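These notes concern the structure reproduced below.
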Amino acid sequence: MPSSALDRLKTLVEGARSAVAFTGAGISADSGIPTYRGNDGLWTKYDPAKYADINYFRRDPEYYWRFFQEVRYHVLSRAQPNEGHLALSTMEQRGKLTALITQNIDGLHQRAGSQRVIELHGNSRRFPCVDCGTVDTLEEVFARLDVEFPPCCTSCGGSLRPGVVFFGEMLPPGAMEESTEAASACDLFLAIGSSLVVTPASSLPVIAKEHGARLVLINNEPTALDGMADLVMREGASEVLSAMRLAQ
Ligand code: APR
Ligand code: ZN
């Protein structure tokens, strides 16, 4: 990693009054969770246009539950927070990070100790009942799949769904408003491990920039917003963030 880029990042972080981190699938890649569009985008056997779409889920919920039983559960249950997650948690503890906005649904930021996490796309460790709202956990649901497929609510017998935002759905109430407020008020916006192509999340770095913040992009491939960034680091998220953490 060029020391000049890392030095520039450290200077920007040290000089920031209020920094916001915005993360995508790339920060969890080192935890063994494949990204969606990066060169390791591995969700091949199952089609995201089906398992991640609300209309398809309503038509054929069993497709999602097969994907969950064969792929997603095993990836999520094995995943542990990595150096990138831990570095952002340390930044928050040191009062350097006013908000952590994530597109990820793996819950790894919270498991790394981050407190103020805004989950734009929900959390795939929670399974609410569509009828009564009772929430089951990842482990509870998986344990029942062999005898109950698709799984039903233990309180009312209704249908369960993953606590994530499917394509075709609105974001959780307030998530975008809270994120927009944080992006507008910060003076440093760190976009980490995201291709920055999915709206409305990808408008947040633009909002930060428009409100005078410095924009840093840490991603191992080009992103849609490279041209407007103050610093682009074409590096691994864990490497950059752990180097920055050690320097603080
Ligand atoms: N370090 C840094 N960047 C990485 C790493 C890494 N170790 N590994 C992969 N990347 C980069 C990839 O090159 C890619 O550009 O992370 C980016 C991840 O981009 P996407 O796969 O598009 O994921 P993301 O931007 O989070 O997608 C946003 O799209 O499918 C929906 O709801 C889903 O939340 C997701 C949203
Ligand atoms: Zn129920």
Side-chain angles (χ1 to χ4, degrees), residues 1-2 5-6 8-9 12-13 19-44 48 52 71-72 75-76 78-92 97 99-114 117-125 164-165 167 175 179 183 188-206 208-209 214-245:
M1 178 188 335
L6 185 59
R8 177 106 171 84
L9 175 64
L12 287 171
V13 169
V20 166
F22 172 85
T23 63
I27 198 170
S28 294
D30 286 348
S31 297
I33 301 181
T35 65
Y36 298 90
R37 297 168 196 85
N39 52 22
D40 72 338
L42 291 180
W43 306 103
T44 45
V71 179
R72 175 155 284 170
V75 169
L76 284 173
R78 277 196 295 263
Q80 296 299 322
N82 61 50
E83 280 300 316
H85 299 105
L86 295 168
L88 293 180
S89 174
T90 304
M91 263 186 89
E92 182 187 69
L97 209 55
L100 197 170
I101 305 163
T102 188
Q103 302 171 96
N104 298 340
I105 57 175
D106 54 38
L108 290 179
H109 285 302
Q110 295 92 322
R111 288 175 60 201
S114 291
V117 181
I118 304 170
E119 293 179 310
L120 288 178
H121 297 160
N123 185 308
S124 57
R125 294 177 186 274
V164 300
V165 177
F167 279 115
S179 302
L188 179 62
F189 193 92
L190 305 169
I192 305 159
S194 178
S195 57
L196 300 176
V197 296
V198 172
T199 57
S202 55
S203 64
L204 292 166
V206 180
K209 189 72 185 157
R214 293 292 179 85
L215 176 60
V216 175
L217 303 182
I218 301 168
N219 204 61
N220 66 9
E221 289 175 337
T223 77
L225 301 182
D226 281 9
M228 67 162 48
D230 295 278
L231 175 62
V232 175
M233 299 183 79
R234 184 82 64 247
E235 308 282 348
S238 304
E239 289 79 11
V240 171
L241 293 173
S242 49
M244 186 189 68
R245 177 187 192 199

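All values reported here derive from a predicted model rather than from experimental measurement.
- You'll find the side chain of T23 reaches within 4.5 Å of the side chain of N104, heavy atoms only.
- Annotation: side chain of P48 is not in contact with side chain of Y36 (no heavy-atom distance under 4.5 Å).
- Pairing each heavy atom of G32 with each of P34, the nearest pair is O-CD, 3.5 Å.
- Under the 4.5 Å side-chain criterion, counting only non-hydrogen atoms from C-beta, L225 is in contact with L217.
- D30 has its side chain out of reach of E83: every pair of non-hydrogen atoms, C-beta onward, lies at least 4.5 Å apart.
- A heavy-atom distance below 4.5 Å is found between the side chains of L88 and L97.
- No side-chain donor from either of S238 and H85 sits under 3.5 Å from a side-chain acceptor of the other.
- Of all non-hydrogen atoms in G113 and S89, the two that sit nearest each other are C-OG, 3.4 Å.
- You'll find the side chain of L9 reaches within 4.5 Å of the side chain of M233, heavy atoms only.
- Separating the CG atom in L108 from the OG atom in S31 is a distance of 5.0 Å, to the nearest 0.5 Å.
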Given L241 and I192, is the side chain to side chain contact (heavy atoms under 4.5 Å, CB included) satisfied, shown in steps? CA-CA 9 Å; L241 293 173; I192 305 159; 4.1 Å; yes
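- In terms of the side chain to side chain donor-acceptor pair (under 3.5 Å) criterion, residue partners of D230 (sequence neighbours excluded) are, by chain and number, K209.
- For the pair R234 and D226, the salt-bridge criterion is met [side-chain N within less than 4.0 Å of a carboxylate O].
- Side-chain contact, Q103 with E119: no donor N or O sits under 3.5 Å from an acceptor N or O.
- Looking at heavy atoms from C-beta onward, L204 lies in side-chain contact with I101 at the 4.5 angstrom threshold.
- Atom CD1 of I27 is separated from atom OG1 of T102 by 7.5 Å, given to the nearest 0.5 angstrom.
- Checking side-chain atoms of N220 against main-chain N and O of G236 turns up no donor-acceptor pair under 3.5 Å.
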Please test M228 against V206 for side chain to side chain contact (heavy atoms under 4.5 Å, CB included), starting from the C-alpha separation and ending with a verdict. CA-CA 8 Å; M228 67 162 48; V206 180; 4.0 Å; yes
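- One distance of note links CG of L188 with CG of L12; it measures 6.0 Å at 0.5 Å rounding.
- Side-chain contact check for I118 versus L100: every heavy-atom pair is 4.5 Å or farther apart.
- Side-chain N or O atoms of S202 include one that pairs as donor or acceptor with a backbone N or O of V198 at under 3.5 Å.
- When all heavy atoms are compared, the tightest approach of L120 to S179 is CD2-OG, 3.5 Å.
- The minimum heavy-atom distance between N123 and G107, with the atom names listed, is ND2-CA, 3.8 Å.
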Where do T223 and E221 land on the side chain to side chain contact (heavy atoms under 4.5 Å, CB included) test, with the steps shown first? CA-CA 6 Å; T223 77; E221 289 175 337; over 6 Å; no
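- Contact record, T35 with A29: CG2-CB, 4.3 Å, taken as the closest heavy-atom pair.
- A donor-acceptor pair is defined here as one N or O able to donate and one able to accept, closer than 3.5 Å; such a pair exists between the side chain of S242 and the backbone of E239.
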Between F22 and L196, does a side chain to side chain contact (heavy atoms under 4.5 Å, CB included) hold up when you go through it step by step? CA-CA 10 Å; F22 172 85; L196 300 176; 3.5 Å; yes
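- With sequence neighbours excluded, no residue forms a side chain to side chain donor-acceptor pair (under 3.5 Å) with E92.
- The main-chain N or O of I105 is found under 3.5 Å from a side-chain atom of S124 such that the two form a donor-acceptor pair.
- Between the side chain of R125 and the backbone N or O of L76, at least one donor-acceptor pair lies under 3.5 Å.
- H121 and A201 make their closest contact through NE2-CB, 4.5 Å (heavy atoms, listed as atom of the first residue, atom of the second, distance).
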